[in-house]
2 protein chains.
Amino acid sequence: MQGWEAIRAEVLRRIRAREWPPGGLIPGEEALSEEFGVARATVNRALTALAEAGVIERKKRAGTRVAELPVRRARLDIPVIRLDVLARGLAYRFDLLADRMAPAPVPVTARLGLPEGAPMRYLETLHLAGGRPYVLESRWLNPAVLPEPAPDFARESVNEWLVMHVSLVSGDIAFTAEPASAREAEVLGVAPGTALLVAERTTQGTDAPVTFVRLAHAPGHRVQMAF
Amino acid sequence: MQGWEAIRAEVLRRIRAREWPPGGLIPGEEALSEEFGVARATVNRALTALAEAGVIERKKRAGTRVAELPVRRARLDIPVIRLDVLARGLAYRFDLLADRMAPAPVPVTARLGLPEGAPMRYLETLHLAGGRPYVLESRWLNPAVLPEPAPDFARESVNEWLVMHVSLVSGDIAFTAEPASAREAEVLGVAPGTALLVAERTTQGTDAPVTFVRLAHAPGHRVQMAF
DNA sequence: AAGTGGTCTAGACCACTAC
DNA sequence: TAGTGGTCTAGACCACTTA
């Protein structure tokens, strides 16, 4: 290992070895660049990487501190469902079960920051892998983000259309385990009450909220992340 | 917005606008730095950020391509359980339910890359939030990573001891929804079959596998991530 | 063999913020 | 107000990989 990665490793070693304790101030970039015999920019590269990893916290004028709680970060790649299925070596298909305008429920508008009872497009899509139910997608979509004429969501899945055509800026995703509702059980072909992995995702665009989606996964589904 | 972030934004705009289509080659750093009137290093900073975000793929000699599948990445901060509980404003406590040496089951040794039937330390910890069961932690720990004398896991939770004292290098985490087993139901105080959010984590150290842990969360638990 | 991205340097300016 | 990190520049060398 050479270059800025070597410096990152050495700084990380000192932190783990408690030479630089949690919450403590570490030497400035200038001092470190002298000690290691490299340019300040190289030290900056190493410290920037450690800051992104959550190991240190940097503030102008205040200097660089070792993070109090050593947080570990994992990265989740949120796939387009079709590609996720194909990557498992299964045939992909989807059914558009519902597509209508309706006043969005309060929890949805609240999370998206839209007025209560705002009319939104509700789309229910069942994604199938190898002919078997894979995910039930229940989506509330802000009609303001759609072009005229609107795309045909029976041909191209909403999921995919959004990824390709709307500049998604930020959002959050939450995972829970829930018993299958009567509707979910029927559509997914499982017994009511079966443990389902549910993902709820909220997405904001550049200038307007875009969508709220709930994904109920068939039993056995794993969401895998590396770190 | 100025500097490298402006360049990142402009490149991202061209990709979303299909000016540079998925899979297509984009101009080299040299060309872009001329067009934008900045140094090549500044363009490099912007493109490096986009590559980390998964928007583009860079290869030496081959140039920079727009990623075929627009993957969205979310970041999960894996918390120390005690701090997670305290952050929710609840009192934290844990009970060490089991602590023994035992031959590890095959799925565990296989995932960690240890020989079949290797003796490992098995620790079962119940974490409580506000006096109520929060997470049941079932852990297989490679005894080779422990110092002599071994720490007292009845005083300091394994979870926390590992984070503070072992240099964890890489690993993976998977989430599933599972019905509560008889044991889990009893310990967590729920009905058997209740939908539980389960996290399974494998961790490698610098020179040896460290641990495999299964976390069964009490009903209602949410794992939240931002992107 | 040649062109690309990855990295480093030495120097500089600036915004921010703790003091 | 002074010191820190954030950023930019112009130039350079190198490893890698594809043609």
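In what follows, chains carry the letters A, B, and so on, assigned in the order in which the sequence lines appear, proteins first and then strands, with residues in each chain numbered from 1. Everything quoted here is computed from the prediction, not taken from an experiment.
Distances shown here put every side-chain N or O of A/Thr42 at or beyond 4.0 Å from the OP1 or OP2 atom of C/dT7. An OP1 or OP2 oxygen of D/dG5 is reached within less than 4.0 angstrom by a side-chain nitrogen or oxygen of A/Thr64. The phosphate of C/dG6 (OP1 or OP2) has a side-chain N or O of B/Asn44 nearer than 4.0 angstrom.
The nucleotide whose nearest atom lies closest to any side-chain atom of B/Val38 is, among D/dT9, C/dG6, D/dG5, D/dT9. Which of D/dT4, D/dT18, C/dA18 sits closest to the side chain of A/Lys60 comes down to D/dT4. Distance from the side chain of B/Ala39 is smallest to D/dT9 among D/dG3, D/dT9, C/dG5.
Between the side chains of B/Arg58 and B/Thr64, at least one donor N or O sits under 3.5 Å from an acceptor N or O. Side-chain atoms of A/Arg93 and A/Tyr134 include no donor-acceptor pair closer than 3.5 Å. A donor atom on one side chain and an acceptor atom on the other are found under 3.5 Å apart for B/Arg139 and B/Thr211.
Between the CG atom of A/Leu50 and the P atom of D/dG6 there is a distance of 12 Å, given to the nearest Å. When rounded to the nearest whole Å, the span between CD of B/Glu34 and P of D/dG11 equals 12 Å. As a whole-Å value, the separation of B/Glu30 CD from D/dA10 C1' is 11 Å. Rounded to a whole Å, the CD atom of A/Glu57 is 13 Å from the P atom of C/dA18. The nearest whole Å value for the distance from the CZ atom in A/Phe36 to the P atom in C/dT9 is 13 Å. Between the CD atom of B/Glu5 and the C1' atom of C/dA15 there is a distance of 14 Å, rounded to whole Å. Between A/Leu47 atom CG and D/dT4 atom P there is a gap of 14 Å when expressed in whole angstrom units. Atom CZ of A/Arg65 is separated from atom C1' of D/dG5 by 14 Å (rounded to the nearest Å).
For B/Arg40 against C/dT7, a side-chain-to-base donor-acceptor contact under 3.5 Å is present. In the interface, the side chain of B/Arg45 is not paired with the base of C/dG6 through any donor and acceptor atom under 3.5 Å apart. Donor-acceptor pairing under 3.5 Å, judged by distance alone, is absent between the side chain of B/Arg61 and the base of C/dT4.
For the pair A/Ser33 (side chain) and A/Ala39 (backbone), a donor-acceptor distance under 3.5 Å is absent.
A residue-by-residue look at A/Gly37 and B/Glu29 shows that B/Glu29 has its nearest nucleotide of DNA chain C further toward the 5' end.
Shown here for A/Arg222 and A/Arg88, the closest heavy-atom pair between the two residues is O-NH2, 4.1 Å.
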